[in-house]
Structures are given as structure tokens and as C-alpha cells.
> 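One structure coming up, written as C-alpha cells, with questions to follow.
Keep in mind it's a predicted model, so treat the numbers as computed, not measured.
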Amino acid sequence: MSFGSSRRRGPPPGDRPASRRITSLRPLLRFLVPYRLRMAGAGVALVIAAATVLGLGSGLQRLVDHGFASGSEAVLDQALIVLFAVVALLAGATYARFYLVTWIGERVVADLRRAVYDHIIGLDAGFFETTKTGELLSRITTDTAVIQSVIGATVSIALRNLLLLSGGLAMLLITSPKLTGLVLLVVPLVVLPIVLIGRRVRVLSRAAQDRVAETGGMAEETLNAVRTVQAFAHEAIERGRFAARAEAAFAAALGYIRARAWLTALVIVVVFGAVDVVLWVGGHDVLAGRVSAGELSAFVFYAIVVAGSFGAISEVFGDLQRAAGAAERLTELLAVRPGIAAPAAPRPLPEPARGAASLERVTFHYPTRPGTSALADLSLQVAPGETVALVGPSGAGKTTVFQLLLRFYDPTAGAVRFDGIDVRECEPTALRRRIALVPQEPVVFAASAADNIRYGRPGASDTEVRAAAAAAAALEFITALPQGFDTPLGERGVRLSGGQRQRIAIARAILRDPALLLLDEATSAL
């Protein structure tokens, strides 16, 4: 019978086939909902800005047909004043749109990064067996940055140009139906490459992002083990490996860039070629007296607006395709469900905690090695206050016992109990609060010595931190540091020796004052 264990659904992130639809962005809408008022304000500013741009065409027509043709300086001055007022309104609306949209983009990407990090840090140990840390970091940073550029700029540009496109076409039709017909003939020639090449852009973008994630993963792995790399004189080998990954990322990005460049260039040629034809036909109509110079000027202005909007939309479409790839990767990650979870109705652990632990005929296989038993039919009883040593060769399963007691994994068969309660029936966080672990490789964070020890109990006083350090025989070397307990220990504790790092980890566990203390070869460097 299983209590609260839900296996991950679906393939690991990155294993799913890439979708080609911009609808991959839809799951991000929930991050926008809290800021709907600001979105509405940005929408109003967007409409005002688009309307003023379209109003410039009418102003241009009046300036040419009335300001210049009338020969009156007063009429000309009045037309220019009105034109300047429209430009001032455009500037104010553009400022409001830019500020609000950029604010929303930055706010949403911060929320998204928090959501992804909050989700990742709660996933089970089995997930991290099959997923590289560098890839996860790439998703938190690179992919969310792509989303930020879309929400904070691209979507606004797309909506603005859609408004200008539709409004411009309407004004073209009002100004000259004949010339508008020529413009509309070009629309299919523009839409077709956007759709066809845009799909290719989407696939190439996903491939480029995956290669960047792989490059980051390799860099993170080697930099974390830089001393081993240098000790074995592997610098040249690692440089070659990284160069190969970087070149693969460049090649993938180059394919994406080529497709986008072709898309943008093709749209520009088609659209502005159409504007050239319109100028030729319209110029002959002006010479023949069928339209006024002001009408042709306004028509050309609107045609340029429409052409520019088409070009911008084609480029924006490529950005949206790229963002769809990033959103898909993030959505896949957020969809992963932890293999270890609390049951719907967790059983409370006894108060006060006694620290009794037992394994009852436990068999266990690691997810990455389903054919090999890490433990087979193991039974173990540890009474409160009892000290038990597990002795055996490497790979015998000593660390595995600790991981089962902490419920990083659930046994394949049998039961693990803490204070008489099956650990699958209780809330994992409540269980782990009663246990302290000093692992084989002590973890030291890039923080002060006091903060590293206080990690065991964040609310502990300075006196309690010093007492824990003294109990772990760490007080002498800590007080000898340049700033004592306030001395930063560097990333992964690089400023300490192996034995000193272990003493910091032991002090952290002592400060926790747990019911059950797990020492996994905790004094191997002492």
C-alpha cells in the first residue's frame, strides 16, 4: 500500500517532442493576471499611441492641401501647431506604454523565476539523478530572460503594429480604394513566408536553447570540480570539450539566425516593393488630377505605416516562436511532479520526538539502476538514545539507509518507520525537521561561518552558535579567521580545509539538536 507517493508524470524535461505552436505561451497567462490593471493602462496607452500615429497622416494631408496650397502663413502655422500637439500626445502615450509594459515584463519574469525555483527545490532526489543542474540554471536564467523580452517588449510591439496595420489599412481604404487594392494584393505574399519560415524558426530556436543549456551544464560541472580538473592536468581536455559544446551552440544559433534573417529580408522586399508600385501608380494619378498631392502624401504615409507594421510583425513572430520554445521548456519543468510527496492526510509524529528508527525487510532500487538492489530485505532497529554504526565496503548501502530514513526515496518493498510511524504516512518536512545529517561531502555555503552553522537552526542566538562550534571542535579555527564568525567562507567553503568543512557541518547538525543524528562518514577528513 502506498502513502502519498506520486511518481513523476511524463518524460523528463527536454525529452518531449517540440511543439511548433505559439499556444505554448498560454500557461504564462496566469502570471499576468495579478497585473491586469497595469495591463489595461498599457492597453489604453497603446491605443492612444497608435491612434495618434494614424492621425499624423490626416495632419500631413491637411498640411499639404491647405497649409501649403492656401498660401496663408496663419493656416500653415495652425496646421503645424496641431501637428506638434499630436506628436506631444504620441510621446506621452509612448512613455506610458513603455514604462507599464517594461514593468510588467520585469515583474512577471521575477514571479516566474520564483515559481520555477520554488518548484525545483521541492522535487525529489530521483529527479536530480537524471537532470543536470546546469540545465536547470539555464531555464531559470536564460529561458526566463527570453520570456521577459517577449512580455516586456515583443507583445507590446506586436499589438501596436497590429493596431497600426488594421488602422492603416482602414485609412488607406478611405483615402484611395484603388491604391488600397494594390496594397492588399501583397498581403498573401507576406503572410505565407511568416507562417512557413516561422515554423522553422520555432524548431531552430528550441534547438539553440537546448545547446546553450548543455554548454552551461558542462561549465557548471567542471568549474565546481576545478581542483580535480587541475590536479589531473585536464585543462586542455576540458577546454576542448567546452569549445565543442560552444561551437555546437553557435551552429544551432546560426541556423535560427539565418531563418529569421531570411524571413525579415523577404518581408521587407515584398512590402516595400509594393510601396514602390503604389508610388508609381499614385504619382500618375496626381499628374492626371485624379487625386490631390495631400491625399497621395497621406496614402504614402499610411502605406509606409502598414509596410513597417508588416515588417515588425514578421520579426516579432520570430521572437514569439523563440519565446514559445522557452515557455515550453519552463512548462515542462513546472509540470514535473515529485516522486516523494506528503499524503492527503498526513499522520502527526509523536511529541516529543524520541528518535526511534527502523527498517522492516526493506528492498530498494535507485531509479537510475532498476536492475540492481542497493538494499535487499534489510531489517534494522535503532532505539532512542542508541548509537549504531553501519560498517561495510563502498556501495554496501550505508548512505542509502540514511536517504530512506530522510525519505529522499521510498523503498521498493518493506517499510521505513520513525518513532513507529511509516515515513510514507507523515509529512516529509515534519520528518526531516527531527533529523540532522552530516553527509560524506560536507556542504558549506558562500556565507559567513556563523550563517553556515546557523543553517541548522535559523533562529539560534550567537551564543548557541558558538556553543555548537565548540562542541564540534571548530571554535578555535573559526575565531582565528580574519573576521571570526563573520568571515565569509567562499563558494563551497574553498577557504577551509576538508577537516574544517566537516567540523562546520557537524556544528550545524549539533545546533539543530535533532532526535536522530545521521553521520555519513562525517569524520573522514579529521
> Output yes when Arg241 and Glu238 qualify as a salt bridge under the 4.0 Å nitrogen-oxygen rule, no when they do not.
yes

> Examine distances only and state if a side-chain atom of Asn452 and a backbone atom of Phe445 form a donor-acceptor pair shorter than 3.5 Å.
yes

> If you compare all heavy atoms of Ile453 against all heavy atoms of Ala468, which two are closest, and at what distance to 0.1 Å?
CG2-CB, 4.3 Å

> Within the structure provided, determine whether Ile121 and Leu123 are in side-chain contact (heavy-atom separation under 4.5 Å).
no

> Measuring only between side-chain heavy atoms, which start at C-beta, is Ile510 closer than 4.5 Å to Leu517?
no

> Does atom CD of Glu386 have more than 12 heavy-atom neighbours, drawn from other residues, nucleotides or ligands, at distances under 6.0 Å?
yes

> Kindly indicate whether the side chain of Phe408, heavy atoms from C-beta on, has any atom under 4.5 Å from the side chain of Asp124.
no

> Does a sphere of radius 6.0 Å around CZ in Phe477 hold more than 12 heavy atoms from other residues, nucleotides or ligands, not counting ones at 6.0 Å or beyond?
yes

> Measure the spacing between CD of Gln500 and CG of Leu481 and express it to the nearest 0.5 Å.
7.0 Å

> Check side-chain contact (heavy atoms from CB on, under 4.5 Å) between Leu254 and all other residues, then give those that pass, not counting sequence neighbours.
Phe250, Arg258

> With no hydrogens and no angle check, do the side chains of Thr400 and Tyr366 hold a donor and an acceptor under 3.5 Å apart?
yes

> Counting only heavy atoms from other residues, nucleotides and ligands, does the tally under 6.0 Å from CZ of Phe402 exceed 12?
yes

> How would you list, by chain and number, every residue that makes a salt bridge (Lys or Arg N to Asp or Glu O under 4.0 Å) with Glu441, sequence neighbours excluded?
none

> Are Leu518 and Val438 close enough, and set up right, to give a side-chain contact (heavy atoms from CB on, under 4.5 Å), and what steps lead you there?
CA-CA 6 Å; Leu518 305 177; Val438 182; over 6 Å; no

> For Ala474 versus Arg503, what's the shortest heavy-atom pair and its separation?
CB-CB, 3.9 Å

> With rounding to the nearest 0.5 angstrom, report the CZ to OG1 distance, Arg107 to Thr102.
14.5 Å

> Is there a side-chain contact (heavy atoms from CB on, under 4.5 Å) between Val401 and Leu378 once you walk through the steps?
CA-CA 9 Å; Val401 170; Leu378 174 67; 3.9 Å; yes

> Are the side chains of Leu32 and Met39 in touch, meaning some heavy atoms are under 4.5 Å apart?
yes

> Going by the rule salt bridge (Lys or Arg N to Asp or Glu O under 4.0 Å), which residues pair with Arg347 if we only count those two or more places apart in sequence or in a different chain?
Glu425

> Is a donor on one side and an acceptor on the other found under 3.5 Å between the side chain of Thr412 and the backbone of His365?
yes

> Supply the atom-to-atom distance Leu404 CG to Leu375 CG, rounded to the nearest 0.5 angstrom.
6.0 Å

> Closest heavy-atom contact between Arg361 and Asp377?
NE-OD1, 2.9 Å

> Whether the side chain of Arg354 engages the backbone of Glu351 through a donor-acceptor N/O pair (distance < 3.5 Å, no angle test) should be reported.
no

> Can Arg466 and Asp462 be counted as an ion pair, charged N to O under 4.0 angstrom?
no

> Do Ile104 and Phe31 come close enough that some side-chain heavy atom pair is under 4.5 Å?
no

> Measure the spacing between CG of Leu46 and CG of Asn161 and express it to the nearest 0.5 Å.
9.5 Å

> Taking it one step at a time, do His119 and Val336 satisfy side-chain contact (heavy atoms from CB on, under 4.5 Å)?
CA-CA 9 Å; His119 182 72; Val336 175; 4.3 Å; yes

> What closest approach, in Å, do Val423 and Arg407 show between heavy atoms, and which atom pair accounts for it?
O-CD, 3.5 Å

> Taking atom CZ of Arg417 as the centre, report whether more than 12 heavy atoms of other residues, nucleotides or ligands fall under 6.0 Å from it.
yes

> I need the Ile435 CD1 to Leu516 CG distance, nearest 0.5 Å.
5.0 Å

> Any side-chain heavy atom of Thr222 sitting closer than 4.5 Å to one from Phe242?
no

> Indicate yes or no for a side-chain donor-acceptor contact from Lys398 to the backbone of Val391 under 3.5 Å, with no hydrogens or angles considered.
no

> Report the residues that fulfil side-chain contact (heavy atoms from CB on, under 4.5 Å) with Ala252, sequence neighbours left out, ordered by chain and then residue number.
Ala208, Arg211

> Assess, by modelled atom type and distance only, whether the side chains of Thr399 and Asp520 contain a donor and an acceptor separated by less than 3.5 Å.
yes

> I'd like to know if the side chain of Arg501 reaches the main chain of Val443, judged simply by a donor and an acceptor atom lying under 3.5 Å from each other, with no hydrogens or angles considered.
no

> Could you tell me whether the side chain of Leu437 reaches within less than 4.5 Å of the side chain of Leu406, counting heavy atoms only?
yes

> Is Arg424 salt-bridged to Asp410, cutoff N-O under 4.0 Å?
no

> Could you go step by step and tell me if Asp451 and Leu489 meet the side-chain contact (heavy atoms from CB on, under 4.5 Å) rule?
CA-CA 10 Å; Asp451 288 340; Leu489 301 182; over 6 Å; no

> Could you check Thr144 against Arg113 for side-chain hydrogen bond (donor to acceptor under 3.5 Å, both in side chains), going step by step and ending with a plain yes or no?
CA-CA 7 Å; Thr144 53; Arg113 281 177 176 149; 2.8 Å; yes

> List in chain and number order the residues that pass salt bridge (Lys or Arg N to Asp or Glu O under 4.0 Å) with Arg457, two or more places apart in sequence or in another chain; answer none if no residue qualifies.
Glu464

> What closest approach, in Å, do Phe485 and Ser448 show between heavy atoms, and which atom pair accounts for it?
O-CB, 3.5 Å

> Please work out whether the ring planes of Phe364 and Tyr409 are parallel, tilted or perpendicular, with thresholds of 30° and 60°.
tilted

> What is the distance from atom CG of Leu136 to atom CG of Leu333, rounded to the nearest 0.5 Å?
6.0 Å

> Check whether any side-chain heavy atom of Ile504 sits under 4.5 Å from a side-chain heavy atom of Tyr455, and report yes or no.
no

> Taking all heavy atoms of Arg434 and all of Ala353, pick out the closest pair and write down the distance.
NH1-CB, 3.1 Å

> Test of understanding: with salt bridge (Lys or Arg N to Asp or Glu O under 4.0 Å), list the residues that count as partners of Arg114, not counting sequence neighbours.
none

